[in-house]
Colleague: 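There's a structure below that I have some questions on.
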Amino acid sequence: MTKLSVNINKVATLRNARGGNNPDVEKVALDCERFGAEGITVHPRPDERHIRYADVYALRPLLKTEFNIEGYPSKEFIDLVLKVKPHQVTLVPDAPDQITSNAGWDTKTNQSFLADLMETFGNAGIRTSIFVGTDAEMIEYAAKAGADRVELYTEPYASLYLESPEAAVAPFVEAAKITRSLGMGLNAGHDLSLVNLRYFHESIPWLDEVSIGHALICDALYLGLEKTIKEYKTCLH
């Protein structure tokens, strides 16, 4: 079964726009779990423009499902993850001022750096995932670094999907096969939506997890959070 992890960053963005605690990030996370999500994802950035470090600490004892913290492995981020001990840490190569993650790691160039992190987090009992594109060499070096999983960066798939679903998904199917052959688990995320998720999952049914935030929260404005989560879960079955 492919798990749905809801990224709640956009909820925090809305809260931070006005100050106060409306919407309540903790309540939304618990509602996502109650409505059927199998995980919660947060991506704290250095400027805390959406999820704050304090949110991460507050959420950890409340959540009953899998907790995934993603981000660039700065010293502050590493310290946060080791203190919170989520079920999974997903490393992304974001610059501090980046709006959103828009590329995977060059795992070959950064192999030594990533390998040290895989060991650090692994020794703490935290499952590791590295954000990558579909290039076979990058996936192979993620495996050499010791990653438990990779998360495929799916924006290229989403961009091409309406024009040609088959062409859009083809490199991801190949990347998924390589990942499986190397013994790693497989996650996916970025611009997956109700429009394109079902076909992606049908093409790669052995996906372990998808992490979806922006599209899901946008859909919830129209459908409501409970119905939206049910619709996304239907795409994964």
Side-chain angles (χ1 to χ4, degrees), residues 2-9 29 37-46 48 50-96 98 100-101 103-133 135 137-153 175-176 178-180 182-190 207-213:
T2 303
K3 293 182 177 180
L4 171 65
S5 185
V6 177
N7 185 319
I8 58 172
N9 274 24
E38 291 94 2
I40 298 295
T41 291
V42 294
H43 187 153
R45 285 189 163 86
E48 297 189 301
H50 31 60
I51 286 292
R52 300 167 180 154
Y53 276 38
D55 294 324
V56 181
Y57 286 112
L59 284 164
R60 184 63 178 101
L62 300 177
L63 298 177
K64 302 295 190 295
T65 60
E66 287 208 348
F67 193 24
N68 172 44
I69 303 177
E70 62 181 29
Y72 179 80
S74 63
K75 182 183 184 304
E76 293 75 17
F77 179 85
I78 294 168
D79 289 344
L80 172 72
V81 172
L82 292 176
K83 288 175 183 175
V84 173
K85 286 187 169 57
H87 300 89
Q88 176 175 271
V89 59
T90 301
L91 302 185
V92 297
D94 286 358
Q98 205 158 317
T100 187
S101 304
W105 282 95
D106 180 340
T107 53
K108 184 176 182 179
T109 300
N110 294 283
Q111 186 192 7
S112 178
F113 174 61
L114 292 169
D116 287 346
L117 291 167
M118 298 303 99
E119 183 177 5
T120 296
F121 292 130
N123 287 341
I126 302 166
R127 186 173 67 236
T128 54
S129 179
I130 297 178
F131 197 60
V132 296
D135 183 271
E137 188 176 41
M138 296 301 104
I139 297 169
E140 289 165 3
Y141 273 89
K144 289 179 181 179
D148 297 310
R149 295 184 183 181
V150 294
E151 178 175 333
L152 295 178
Y153 167 56
I178 292 167
T179 300
R180 183 167 61 175
L182 292 168
M184 290 186 294
L186 182 65
N187 299 340
H190 203 89
L207 274 168
D208 290 298
E209 173 188 294
V210 292
S211 175
I212 304 177

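Numbers for residues simply follow the sequence, beginning at 1.
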Colleague: Calculate, to the nearest 0.5 Å, the distance between atoms CD and CG belonging to Glu140 and Leu182 respectively.
Modeller: 6.0 Å
Colleague: Looking at every non-hydrogen atom in both residues, tell me the closest pair between Pro93 and Phe131 and how far apart they are.
Modeller: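 What the structure gives for the nearest pair is CD-CD2, 4.2 Å.
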Colleague: To the nearest 0.5 angstrom, please state how far the CD atom of Glu209 sits from the CD atom of Gln88.
Modeller: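 So the gap between those two atoms works out to 5.0 Å.
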Colleague: Which residues pass the side chain to side chain contact (heavy atoms under 4.5 Å, CB included) test with Leu62, sequence neighbours left out?
Modeller: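 Counting only residues at least two positions away or on another chain, Leu62 forms a side chain to side chain contact (heavy atoms under 4.5 Å, CB included) with Glu26, Leu30.
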Colleague: To check you understand the geometry: which heavy-atom pair defines the closest contact between Ala54 and Glu48, and what is its length?
Modeller: N-OE2, 4.4 Å
Colleague: Quick one: salt bridge (Lys or Arg N to Asp or Glu O under 4.0 Å) pairs with a partner in residues 118-128, sequence neighbours left out?
Modeller: Glu66-Arg127
Colleague: Is any side-chain heavy atom of Asp208 less than 4.5 Å from a side-chain heavy atom of Thr2?
Modeller: no
Colleague: Are Ile78 and Phe121 close enough that some pair of their side-chain heavy atoms sits under 4.5 Å apart?
Modeller: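 Ile78 vs Phe121: side chains touch.
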Colleague: For Thr65, what residues pass the side chain to side chain contact (heavy atoms under 4.5 Å, CB included) criterion, not counting sequence neighbours?
Modeller: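 Only Glu33, Ile40 meet the side chain to side chain contact (heavy atoms under 4.5 Å, CB included) criterion with Thr65.
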Colleague: Distance only, no hydrogens: is a donor on one side chain within 3.5 Å (strictly under) of an acceptor on the other, for Asn68 and Thr41?
Modeller: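 Note: Asn68 and Thr41 side chains meet the donor-acceptor criterion.
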Colleague: Could you name each residue pair satisfying salt bridge (Lys or Arg N to Asp or Glu O under 4.0 Å) that touches residues 50-65, not counting sequence neighbours?
Modeller: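 The answer is Arg15-Asp55.
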Colleague: Any salt bridge (Lys or Arg N to Asp or Glu O under 4.0 Å) pairs touching residues 78-90, not counting sequence neighbours?
Modeller: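 Non-adjacent pairs meeting salt bridge (Lys or Arg N to Asp or Glu O under 4.0 Å): Lys75-Asp79.
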Colleague: Keeping Asn9 on the side-chain end and His43 on the backbone end, is there a donor-acceptor pair under 3.5 Å?
Modeller: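 Looks like yes, one N/O pair under 3.5 Å.
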Colleague: Measuring from Thr128:OG1 to Leu114:CG, what's the distance to the nearest 0.5 Å?
Modeller: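 Answer for the OG1-CG pair, Thr128 versus Leu114, is 10.0 Å.
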Colleague: With rounding to the nearest 0.5 angstrom, report the NZ to CE distance, Lys144 to Met118.
Modeller: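 The CE atom of Met118 is 16.0 Å from NZ of Lys144, to the nearest 0.5 Å.
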Colleague: Can you sort out the partners of Glu76 under side chain to side chain contact (heavy atoms under 4.5 Å, CB included), two or more places apart, ordered by chain and number?
Modeller: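 If we apply the side chain to side chain contact (heavy atoms under 4.5 Å, CB included) test to Glu76, skipping adjacent residues, the hits are Tyr53, Ser74.
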Colleague: At their closest point, which heavy atom of Phe67 faces which heavy atom of Val56, and how far apart are they?
Modeller: CE2-O, 3.9 Å
Colleague: Could you tell me which non-hydrogen atom of Leu82 sits nearest to which non-hydrogen atom of Ala124, and how far apart they are?
Modeller: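 Smallest heavy-atom distance, with atoms named: CD2-CB, 3.8 Å.
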Colleague: Spell out, as yes or no, whether a donor-acceptor pair under 3.5 Å connects the side chain of Thr90 to the backbone of Glu70.
Modeller: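 Not confirmed, Thr90 side chain does not pair with Glu70 backbone.
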Colleague: Decide if the gap between the ring center of Phe77 and the ring center of Tyr72 is smaller than 6.0 angstrom.
Modeller: no
Colleague: What's the shortest heavy-atom distance between Ser211 and Asn7, and which atoms?
Modeller: OG-CB, 4.2 Å
Colleague: Using a 4.5 Å cut-off on heavy atoms from C-beta on, say whether the side chain of Asn110 contacts that of Tyr141.
Modeller: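 Side chain of Tyr141 against side chain of Asn110, heavy atoms only: no contact under 4.5 Å found.
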Colleague: Could you grab the distance from atom CE of Met138 to atom CG of Leu152, nearest 0.5 Å is fine?
Modeller: 13.5 Å
Colleague: Could you grab the distance from atom CG of Asp148 to atom CD1 of Ile130, nearest 0.5 Å is fine?
Modeller: 9.5 Å
Colleague: Can you name the closest pair of heavy atoms from Thr179 and Gly185 and give their distance?
Modeller: CG2-O, 3.5 Å
